[in-house]
Amino acid sequence: MNVLLLGSGGREHTMAWKITQSPLCTQLFIAPGNAGTAQHGINVQVSPNDFEKIEALCIDKNIKLIVVGPEEPLVRGIYDYFERKNINVIGPSREGAQLEGSKAYAKIFMEEMNIPTAGYKEFTKATETQGLKYIANKTPPIVLKADGLAAGKGVLICQSIDEAQNELKSMLSGKFGTASTTVVIEDFLDGIEFSVFVLTDGQNYKVLPVAKDYKRIGEGDTGLNTGGMGAISPVSFVDEALMKKVESRIIQPTIKGLQKRQITYKGFIFIGLIRVNNEPYVIEYNCRMGDPETEVVFPRIKSDILELFQATVQQELDKVVLDIEEKTAVTVMLVSGGYPQQYEKGKIIKGIDKVVNSHIFHAGTKTDNNTVVTNGGRVIALTSFGETIQEALAYSYQNANHIQFEGKYYRKDIGFDL
Ligand code: AMP
Ligand code: GLY
């Protein structure tokens with residue numbers, strides 16, 4: 001079968017690598033892709049949000065399956081658009097994508113299904129005064145979340161009542177555009193975070209390997225938030241007992257909630273979790289895979305991913321087996337100097353040929369006159385396996401030295417806290 005993959009990051013290179021290992025894959029197209037995805041298929045310069053152009057491409061290339069990397073096309077309703085055209089999409093319907101597209105929607109959903117999450121209230125301009133009073137009665141830190149998609153920047157953790165009140169006013173006055181027309185104010189949960197990924201067909205589900213990502217730019221988890229500087233899988237503190245709680249209190253009620261609302265959902269659910277006193281709480285839902293979590297989760301999936309996707313489309317996920325690699329996977333992200341703030345692009349990347357014992361997953365790269373150059377903040381993810389996390393990390397860090405580009409930066413403490 002011919003497959004189209006949407007997106008251009010490390011997540012998508014990893015997916016492209018995995019999809020093309022399937023004997024079911026005849027030809028892979030990636031829109032728009034990067035220098036890494038081009039090793040596995042044909043990059044097409046089409047935006048993942050341009051459904052009409054994607055449709056034309058599908059007709060032209062006889063594509064019957066679209067795998068969606070990022071959230072935006074899903075929140076914009078790509079599933080619903082192609083459902084009418086008889087082209088299968090791995091991803092939720094527009095309503096299902098609201099679990100990520102609207103924090104308020106997700107909160108109401110969790111409340112209804114009794115899924116453990118932080119206490120909250122939502123406010124709009126019309127209820128701003130009540131919001132300010134609500135904050136005045138709280139003990140900091142206070143968590144403010146823009147309801148809509150805000151490019152990963154819509155969550156603020158305020159250390160004082162003053163700061164939280166000022167931020168609420170500014171969010172309701174358009175700090176994040178229409179994304180912050182509604183603001184969710186949440187109780188602060190103090191604990192350690194981890195990520196659980198589920199592939200569901202709306203009835204059945206498979207739990208994928210658990211992962212932890214490292215979000216801050218600086219070592220010791222300091223400095224600005226990024227898309228993610230590295231990830232590990234499995235996660236030592238997420239033991240069987242904790243996963244059982246996650247499954248019974250969170251995953252199963254989530255699937256039941258989708259069914260109760262008659263939501264079509266044939267794709268990934270990424271559950272951002274926090275462990276507080278050994279109990280799991282949901283921090284957020286995403287309707288897609290994580291990046292860089294995919295760079296450790298997908299390599300640990302031994303099963304044929306297209307077989308899993310086909311079973312998802314046919315609502316027969318209960319009939320396939322998910323086989324997982326036992327070894328530990330880690331990924332270390334090499335980023336452009338200045339990221340997550342301003343950085344330069346177009347730096348020549350050298351040393352890719354010197355990498356041994358790691359997978360190279362391209363994120364922000366492109367090919368310019370036969371040369372691979374940087375084309376984004378996150379540039380290359382180096383994924384390695386080991387019998388122990390230390391062994392895996394040693395490979396990734398050796399190779400992080402081999403790859404050179406002007407301004408290269410990476411965190412040297414991925415996985416060191418565990
Ligand atoms: P989100 O975009 O919802 O994942 O939030 C971004 C980050 O903010 C999370 O990864 C957490 O580190 C933090 N965060 C979000 N909600 C809370 C909360 N209720 N308590 C503590 N930290 C939170
Ligand atoms: N690494 C976090 C995310 O993909 O949202």
Side-chain angles (χ1 to χ4, degrees), residues 7-12 14-15 68-72 74-75 99-107 110 115-122 138-159 164 167 171 176 179-180 183-197 208 210-217 221-233 235 268-276 279-298 331-333 335 340 361 363 377-378 381 411 414:
S8 60
R11 169 180 53 207
E12 285 76 19
T14 313
M15 287 180 163
V68 186
E71 64 279 9
E72 203 178 331
L74 294 164
V75 174
L99 282 181
E100 175 166 1
S102 165
K103 304 264 187 207
Y105 180 97
K107 281 297 199 182
M110 286 186 267
I115 293 170
T117 186
Y120 82 105
K121 273 211 166 7
E122 57 178 282
K138 290 206 123 359
T139 314
I142 300 163
V143 183
L144 267 56
K145 297 187 174 183
D147 176 56
L149 293 184
K153 298 190 168 65
V155 176
L156 301 174
I157 302 195
C158 301
Q159 300 301 336
E167 286 294 356
M171 284 170 90
F176 299 105
S180 61
V183 174
V184 167
I185 303 181
E186 248 184 42
D187 297 341
F188 179 79
L189 296 175
D190 196 7
I192 186 160
E193 288 177 59
F194 61 107
S195 306
V196 166
F197 300 90
L208 306 180
V210 61
K212 173 170 175 56
D213 82 335
Y214 290 80
K215 288 201 173 79
R216 304 294 189 102
I217 188 73
D221 252 333
T222 52
L224 293 173
N225 246 324
T226 70
M229 297 295 292
I232 59 166
S233 175
V235 184
F268 297 103
I269 312 176
F270 162 177
I271 313 174
L273 294 156
I274 190 162
R275 185 191 67 166
V276 184
E279 305 296 337
Y281 292 83
V282 177
I283 290 275
E284 63 164 351
Y285 284 113
N286 295 299
C287 59
R288 53 172 171 86
M289 283 300 296
D291 192 353
E293 291 92 332
T294 304
E295 286 90 310
V296 288
V297 171
F298 265 48
T331 198
V332 173
M333 192 61 88
V335 307
F361 293 125
R378 294 191 291 174
R411 266 181 67 169
I414 302 302

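Each ligand, and each atom within it, is numbered from 1 in the order the structure gives. In what follows, residues are counted from 1 in the order of the sequence shown.
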For K215, is at least one N or O under 3.5 Å away from an N or O on ligand 2? no

Please could you name the atoms of ligand 2 that F270 approaches to less than 4.0 Å, counting only its heavy atoms? 3 (C), 4 (O), 5 (O)

Atom 7 (C) of ligand 1 has as its nearest protein heavy atom V155 CG1, 4.4 Å

Contact region, L189 to ligand 1, non-hydrogen atoms below 4.0 Å, reads both

For ligand 2, which atoms, with element, lie under 4.0 Å from some heavy atom of G227? 1 (N), 2 (C)

Examine ligand 1 and decide if any of its atoms is less than 4.0 Å from a heavy atom belonging to D190. no

Is the shortest N/O to N/O distance between R288 and ligand 2 below 3.5 Å? yes

D213 neighbourhood, listing ligand 2 atoms whose heavy-atom distance to it stays under 4.0 Å: 1 (N), 2 (C)

Report the part of M289 in contact with ligand 2, treating N, CA, C, O as backbone and CB onward as side chain, heavy atoms under 4.0 Å; options are side chain, backbone, both, neither. neither

Contact partition for I274 relative to ligand 1, non-hydrogen atoms under 4.0 Å: neither

Starting from atom 17 (C) of ligand 1, find the nearest protein heavy-atom neighbour and note its residue, name and distance. I283 CD1, 3.6 Å

Numbering as shown, the atoms of ligand 2 that approach G290 to under 4.0 Å (heavy-atom distance): 4 (O)

Does a side-chain N-to-carboxylate-O contact under 4.0 Å join R411 and D221? yes

Purely on distance, is any nitrogen or oxygen of E293 under 3.5 Å from one on ligand 2? yes

Under 3.5 Å between any N/O of N225 and any N/O of ligand 1: does that happen in this structure? no

Do the side chains of E284 and K145 get close enough for a salt bridge, i.e. N-O under 4.0 angstrom? no

heavy-atom search around atom 13 (C) of ligand 1 in the protein gives I157 CD1, 3.7 Å

Quick test of your reading of the model: are E193 and K215 salt-bridged, counting only N-O distances below 4.0 Å? yes

Inspect the contact between K107 and E122 and indicate whether a charged nitrogen and a carboxylate oxygen are less than 4.0 angstrom apart. no

Using a 3.5 Å distance criterion without hydrogens, assess whether the side chain of T226 forms a donor-acceptor pair with backbone atoms of I217. no

For residues F298 and M289, determine if any side-chain heavy atom of one lies less than 4.5 Å from a side-chain heavy atom of the other. yes

